[in-house]
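Below is one structure, written out as structure tokens, with a few remarks after it.
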Amino acid sequence: MATKAARGIVERMFARKSIAQVQRETAASELKRTLGKWNLLMLGIGCIIGAGIFVRTGSAAALHAGPAVLLSFVVAGIVCAFAGLCYAELSSTLPVSGSAYTYGYTTLGEFVAWIMGALLMLEYGLAASVVAVGWSGYMVSLLGDFGMHIPPQFTGPAGYPLMRGGVPVLVDGHPVTTIFNLPAFLICLALAALLVRGVAESAKVNTIIVAIKVGVLVAFIAVGGAIVLSHFNELVARNWTPFIPASQGDGKFGVDGIMRAASIVFFAYVGFEAISTAGQEAKDPKKDMPFGIIGALVVCTLIYMLVAAIMTLLVPYTALNVPDPVAVVVDSFGPTWSWLAKLIKIGAIIGLTSVVLVLMYGQTRIFYTMARDGLLPRVFATVHPTFKTPYVNTVLVGIITAVAAGFFDINVLGDMTSVGTLSAFSIVCLSVIYLRRAAPDLPRGFTVPLYPVVPLLGIASCVYLITTVPMKVLMFFLWYLAGGVVLYFAYGIRHSNLQRGEPQDDAPDMGEYVAPVGEQP
């Protein structure tokens with residue numbers, strides 16, 4: 001009896017939705033194959049370039065890689081290429097909504113889908129907190145340019161020394177300890193309120209936001225590059241010697257530091273998933289998808305390396321452990337360029353605001369999908385009668401992201417986001433292997449090249465980068481997953497629609513939301 005009961009639990013844990021069932025639940029319109037390889041390339045560039053380069057690059061250089069953070073971008077880009085090709089195959093095979101959560105539910109089963117939902121909370125929810133902290137840094141810097149100053153105690157995480165230029169800020173001879181990041185807390189609550197009311201982004205607004213974001217980096221590269229070229233030898237001798245600082249152990253500089261920094265700057269690439277979701281709209285997915293994914297990763301890696309090179313040449317890398325590293329560097333351009341510094345900060349704030357909005361939106365829709373599947377309480381799928389949005393879970397997401405942004409250090413939040421994302425990517429790679437074996441004859445618009453080498457390398461590289469994260473973060477991550485497992489057995493498996501054999505409800509009308517193209521982390 002015990003063996004039979006145990007087998008029953010295992011069968012329930014790995015119960016899967018059928019591909020036909022998921023397609024019926026999500027089919028809403030006929031998708032036209034209108035995107036060519038250049039469309040996918042530009043979509044990818046817009047999606048990838050985002051908050052990561054504005055926020056996380058500085059700490060990666062200051063704490064772990066030094067100027068060699070350029071090499072960290074290459075490593076992170078290669079890891080994303082492995083995962084991106086696997087995403088492309090799944091998206092062309094399973095034209096469904098729900099992102100990696102639905103992929104997991106359809107291939108590896110309900111328990112894996114639940115774990116994926118927990119991981120996506122880190123990828124979207126905590127990522128929103130990371131970006132909000134970066135937004136706070138740029139806003140504080142911009143307000144300072146206009147003579148408006150927020151008390152420094154309310155611009156950082158609880159219990160941390162306030163740093164400027166790599167050294168502690170002193171007031172009356174004593175170091176300032178931050179209490180709470182008020183701007184980051186408020187922007188999360190404000191955007192949650194906006195999402196409750198509903199947001200409709202037009203294509204023109206989307207294009208403008210992406211143009212501003214990319215334009216900011218182009219201006220930074222153009223002006224910063226000109227300054228670097230005019231003083232190149234002097235700057236190399238001052239700030240790039242040595243290029244790879246001597247290892248101090250524990251992921252601090254040296255080769256280990258480069259790999260540790262790769263897990264940090266990985267945050268700058270996670271938007272590439274959006275390319276894979278366009279698989280059903282590619283004219284020739286077998287050729288266009290790899291071109292779009294690899295091409296976008298190559299172009300963005302080059303842009304990131306240029307930005308990182310200018311940052312670490314103009315400012316000592318030790319001074320970049322701040323939420324707003326680009327702001328710190330543009331301030332070093334000198335008074336002649338003060339007007340440009342203000343414009344770059346304004347552009348960064350506009351772009352980061354939209355990124356926080358879209359990340360929070362994505363998290364609310366993941367909760368919504370899980371609630372409709374019965375894995376979360378039905379209240380999370382409750383739609384507001386007037387605004388037609390899932391307002392209960394939107395309020396919850398707003399509170400969680402606001403508290404995390406207000407009280408926690410950006411490096412801890414960023415590491416948690418990276419671990420969650422890397423774990424999700426490894427599961428996606430595993431899903432490709434499983435589906436190849438379980439359904440070899442399933443029509444695939446795109447197939448991963450060099451199978452099974454690429455998905456295996458994707459899993460191995462993701463797991464390796466996870467191991468470079470500090471042990472305290474990994475322990476928190478394991479406790480987080482353990483809590484998720486407990487919740488699954490306490491609630492999810494007992495209320496799952498699939499376990500009960502219940503048909504999926506029609507989704508309530510939540511109105512139109514067109515996420516800004518290119519607004520990803």
Side-chain angles (χ1 to χ4, degrees), residues 12-17 21-22 25-26 83 87 90-91 94 96-129 270 273 276-277 358-382 390 392-401 404 416-431 434 462 466 476-500 502 504-505 507 510 521:
R12 292 173 67 188
M13 288 173 60
F14 294 98
R16 297 188 300 275
K17 286 187 175 184
Q21 176 187 357
V22 175
E25 293 171 3
T26 58
Y87 262 102
L90 287 180
S91 66
L94 305 173
V96 298
S97 65
S99 184
Y101 163 77
T102 306
Y103 296 155
Y105 217 150
T106 311
T107 58
L108 300 177
E110 183 175 275
F111 180 71
V112 175
W114 173 276
I115 295 298
M116 185 66 80
L119 296 176
L120 292 176
M121 175 66 192
L122 300 179
E123 183 177 345
Y124 287 92
L126 282 192
S129 300
V270 296
E273 294 169 78
S276 67
T277 64
V358 173
L359 287 171
M360 291 175 67
Y361 166 83
Q363 182 59 62
T364 64
R365 270 46 182 183
I366 291 168
F367 278 172
Y368 173 79
T369 301
M370 294 180 72
R372 290 187 61 244
D373 287 337
L375 296 180
L376 290 177
R378 184 69 186 184
V379 69
F380 290 111
T382 303
V392 175
N393 93 57
T394 300
V395 170
L396 177 63
V397 168
I399 293 173
I400 292 173
T401 56
M416 286 298 298
T417 300
S418 292
V419 170
T421 306
L422 286 164
S423 300
F425 285 4
S426 63
I427 293 176
V428 167
C429 294
L430 181 61
S431 298
Y434 172 84
C462 287
I466 290 173
F476 180 86
F477 175 70
L478 292 176
W479 279 109
Y480 172 81
L481 286 185
V485 171
V486 170
L487 285 176
Y488 173 73
F489 286 108
Y491 184 90
I493 197 171
R494 298 172 182 271
H495 296 83
S496 163
N497 293 345
L498 187 63
Q499 303 289 352
R500 294 180 172 187
E502 296 178 2
Q504 185 69 36
D505 297 339
M510 293 190 298

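- Within the model, atoms CZ of F367 and CG of L376 stand 6.5 Å from one another, a figure rounded to the nearest 0.5 Å.
- Heavy atoms only, all atoms of each residue included: C429 and A83 are closest at SG-CA, 4.0 Å.
- Scanning both residues, Y368 and P390, for their nearest heavy atoms gives CD1-CB, 4.1 Å.
- Looking at every heavy atom in both residues, A371 comes nearest to P377 through CB-O, 3.5 Å.
- Taking NE2 of H495 as the reference point, atom CG of D373 lies at 14.5 Å (rounded to 0.5 Å).
- Here side-chain hydrogen bond (donor to acceptor under 3.5 Å, both in side chains) pairs that include residues 476-489, with residues two or more places apart or in two chains, are E110-Y488.
- The closest side-chain heavy-atom distance from F476 to V419 is not below 4.5 Å.
- L396 is not listed as a side-chain neighbour of T364, based on a closest heavy-atom distance of 4.5 Å or more.
- A 4.5 Å side-chain heavy-atom check between I400 and M121 finds at least one atom pair inside the cut-off.
- F380 CZ to I366 CD1: the interatomic distance, rounded to the nearest 0.5 Å, is 14.0 Å.
- One finds the OH atom of Y105 at 14.5 Å from the OG atom of S431 (value rounded to the nearest 0.5 Å).
- At least one side-chain heavy atom of V485 sits less than 4.5 Å from a side-chain heavy atom of F111.
- Checked options W114, F425, F477; the residue passing with L119 is F477 (criterion: side-chain contact (heavy atoms from CB on, under 4.5 Å)).
- Between the S129 side chain and the T401 main chain, a donor and an acceptor come within less than 3.5 Å of each other.
- For V112 against I427, the heavy-atom pair with the smallest separation is CG1-CG2, 3.8 Å.
- The shortest non-hydrogen separation linking Y124 to Q363 is CB-OE1, 3.6 Å.
- Although no hydrogens or angles enter the test, the distance criterion places no donor-acceptor pair under 3.5 Å between the side chain of S496 and the main chain of G492.
- Here the OH-OG1 distance, from Y361 to T394, works out to 10.0 Å after rounding to the nearest 0.5 Å.
- The distance from atom CG of L422 to atom CD of E123, rounded to the nearest 0.5 Å, is 9.5 Å.
- Between R372 and R378, the shortest heavy-atom contact is CA-NH1, 3.8 Å.
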